[in-house]
Chemist: 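Take a look at this one; I'll ask things after.
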Amino acid sequence: MLKILGRRTSFNVMKVLWVADELGLPYEHDNDIGGNYGRNREALYLALNPNGTVPTVIDDDFVMWESNSICRYLCRKHNSPLFPTELQAAQRVDRWMDWSTGVHSPRMSAVFPPLIRLKPEQRDMKAIAAGVEAWGTTLKIIEAQLGRTPYLAGDRLTLAEVTNVALVHRWFKLPIERIELPNIAAWYGRVGQNPRARKHCYTELS
Ligand SMILES: N[C@@H](CCC(=O)N[C@@H](CS)C(=O)NCC(=O)O)C(=O)O
């Protein structure tokens with residue numbers, strides 16, 4: 001049985017929950033780890049994941065961390081087309097996964113945690129406004145891709161969506177001034193028709 005450790009408010013945990021449900025895998029979820037729950041700095045947890053981050057996933061007795069690689073592992077193990085096997089098709093998905101971690105997530109992180117997790121008097125509104133602008137500029141890269149293909153890596157839903165849509169959800173739900181991104185808005189609606197995506201990624205911000 002698969003065990004998924006980590007709070008469901010983490011977008012990195014959301015990805016793994018969505019993939020597990022998409023693949024129809026039975027799993028146990030220990031939600032109360034990370035954030036205000038703590039426990040992720042305890043020796044027991046650090047022995048599983050030395051980063052002290054969520055998620056950690058255990059497949060029987062095989063322990064995994066790093067959400068994107070966990071998603072790939074599950075798809076490969078269960079032959080899911082969410083992560084294609086053909087070399088170039090896989091690269092098209094992989095690049096959006098790496099882009100999510102290396103580019104998209106840092107842009108989101110300059111805006112979401114201060115607005116949602118800090119008290120108003122703790123916020124640097126000038127830095128947040130600069131962060132919103134930088135995030136919008138970055139999103140234009142997705143916007144352009146979605147002018148060419150209905151999904152990020154081509155004509156169907158893949159791990160490229162799984163690793164990016166929770167961040168885009170935050171873009172649309174945060175109380176910020178948004179630039180117009182019509183292709184992304186349409187894609188966000190399209191992906192949201194998937195009930196597993198909706199359940200895990202289209203959630204209240206917290
Ligand atoms: N690259 C890692 C990042 C993991 C990560 O930074 N997770 C955050 C939540 S999104 C975390 O554990 N934060 C500390 C906490 O929740 O206490 C992954 O994809 O798994």
Side-chain angles (χ1 to χ4, degrees), residues 2-23 25 27-59 62-77 80 82-83 90 93-119 122 128 131 134-135 138-139 142 152-153 158-174 196-197 199-206:
L2 203 62
K3 287 198 188 77
I4 301 176
L5 312 182
R7 58 185 172 89
R8 64 173 62 83
T9 51
S10 152
F11 75 92
N12 288 307
V13 175
M14 292 175 191
K15 301 174 200 174
V16 174
L17 291 171
W18 177 8
V19 169
D21 277 346
E22 198 68 29
L23 271 49
L25 306 176
Y27 59 86
E28 288 168 10
H29 178 207
D30 187 345
N31 179 70
D32 300 353
I33 303 178
N36 292 335
Y37 298 110
R39 292 173 60 205
N40 50 324
R41 306 303 312 175
E42 290 173 7
L44 209 62
Y45 190 85
L46 290 172
L48 298 173
N49 179 348
N51 305 291
T53 52
V54 293
T56 298
V57 173
I58 309 171
D59 185 17
F62 182 61
V63 180
M64 298 177 271
W65 37 267
E66 281 300 333
S67 58
N68 289 2
S69 74
I70 295 166
C71 290
R72 277 190 293 267
Y73 168 93
L74 293 175
C75 288
R76 285 185 179 125
K77 178 168 177 181
S80 168
L82 283 177
F83 189 65
V93 177
D94 246 342
R95 66 184 163 203
W96 286 113
M97 298 178 77
D98 285 1
W99 185 87
S100 169
T101 303
V103 180
H104 195 181
S105 160
R107 294 290 175 279
M108 176 281 294
S109 295
V111 180
F112 173 79
L115 276 181
I116 296 298
R117 297 185 182 147
L118 289 186
K119 296 193 180 100
Q122 295 173 312
I128 292 173
W135 192 3
T138 294
L139 283 173
I142 297 192
L152 288 171
T158 66
L159 291 184
E161 273 68 42
V162 171
T163 49
N164 280 285
V165 87
L167 305 180
V168 168
H169 174 69
R170 291 175 175 181
W171 168 263
F172 282 117
K173 292 296 168 201
L174 281 167
R196 276 83 54 194
K199 176 178 173 196
H200 295 298
C201 302
Y202 290 54
T203 51
E204 286 286 305
L205 302 187
S206 64

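In what follows, every heavy atom counts, from backbone to side chain, and hydrogens, waters and symmetry copies are set aside. Order of appearance sets the numbers: ligands from 1, and atoms from 1 within every ligand.
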Chemist: May I ask you to identify, for T101, whether its side chain, its backbone, both or neither come under 4.0 Å of ligand 1 on a heavy-atom basis?
Modeler: neither

Chemist: Polar-atom distance check: S10 versus ligand 1, any N or O pair below 3.5 Å?
Modeler: no

Chemist: Taking distance alone, with N or O pairs closer than 3.5 Å, would you say T53 contacts ligand 1?
Modeler: no

Chemist: Donor-acceptor pair, distance only, cut-off 3.5 Å: does the side chain of Y45 make one with the backbone of T53?
Modeler: yes

Chemist: What protein heavy atom sits nearest atom 12 (O) of ligand 1, and how far off is it?
Modeler: V54 N, 2.7 Å

Chemist: With under 30° as parallel and over 60° as perpendicular, where do the rings of H169 and Y202 fit, or are they tilted in between?
Modeler: tilted

Chemist: Start with the C-alpha gap between T9 and Y37, add the side-chain angles, then the distance that decides, and say whether side chain to side chain contact (heavy atoms under 4.5 Å, CB included) holds.
Modeler: CA-CA 11 Å; T9 51; Y37 298 110; 5.8 Å; no

Chemist: Whether the side chain of R39 engages the backbone of G34 through a donor-acceptor N/O pair (distance < 3.5 Å, no angle test) should be reported.
Modeler: no

Chemist: Would you check if there is a donor-acceptor pair between the side chains of S100 and N68 at a distance under 3.5 Å?
Modeler: no

Chemist: With R170 as the cation and F112 as the aromatic partner, state whether NZ or CZ is under 6.0 Å from the six-membered ring centre and within 45° of the axis.
Modeler: yes

Chemist: What atoms of ligand 1 come within less than 4.0 Å of a heavy atom belonging to P55?
Modeler: 20 (O)

Chemist: Check ligand 1 against N40 and write out every atom of the ligand that is under 4.0 Å from a heavy-atom position of the residue.
Modeler: 14 (C), 15 (C), 17 (O)

Chemist: Considering only protein heavy atoms, which is closest to atom 20 (O) of ligand 1, and at what distance to one decimal place?
Modeler: S67 N, 2.9 Å

Chemist: Among all the protein's non-hydrogen atoms, which is closest to atom 17 (O) of ligand 1, and how far away is it?
Modeler: G35 N, 2.8 Å

Chemist: At what distance, to the nearest 0.5 angstrom, does CG of N40 lie from CG of L48?
Modeler: 11.5 Å

Chemist: Who's the nearest protein heavy-atom neighbour of atom 1 (N) of ligand 1, and how far?
Modeler: E66 OE1, 2.7 Å

Chemist: Identify the protein heavy atom lying closest to atom 13 (N) of ligand 1, giving its residue, its atom name and the separation to 0.1 Å.
Modeler: R7 NH2, 4.0 Å

Chemist: Among V57, T163, L74, find the residue that satisfies the side-chain contact (heavy atoms from CB on, under 4.5 Å) test when tested with V19.
Modeler: L74

Chemist: Checking a contact table here: which protein heavy atom is nearest atom 3 (C) of ligand 1, and how many Å away?
Modeler: N12 ND2, 3.6 Å

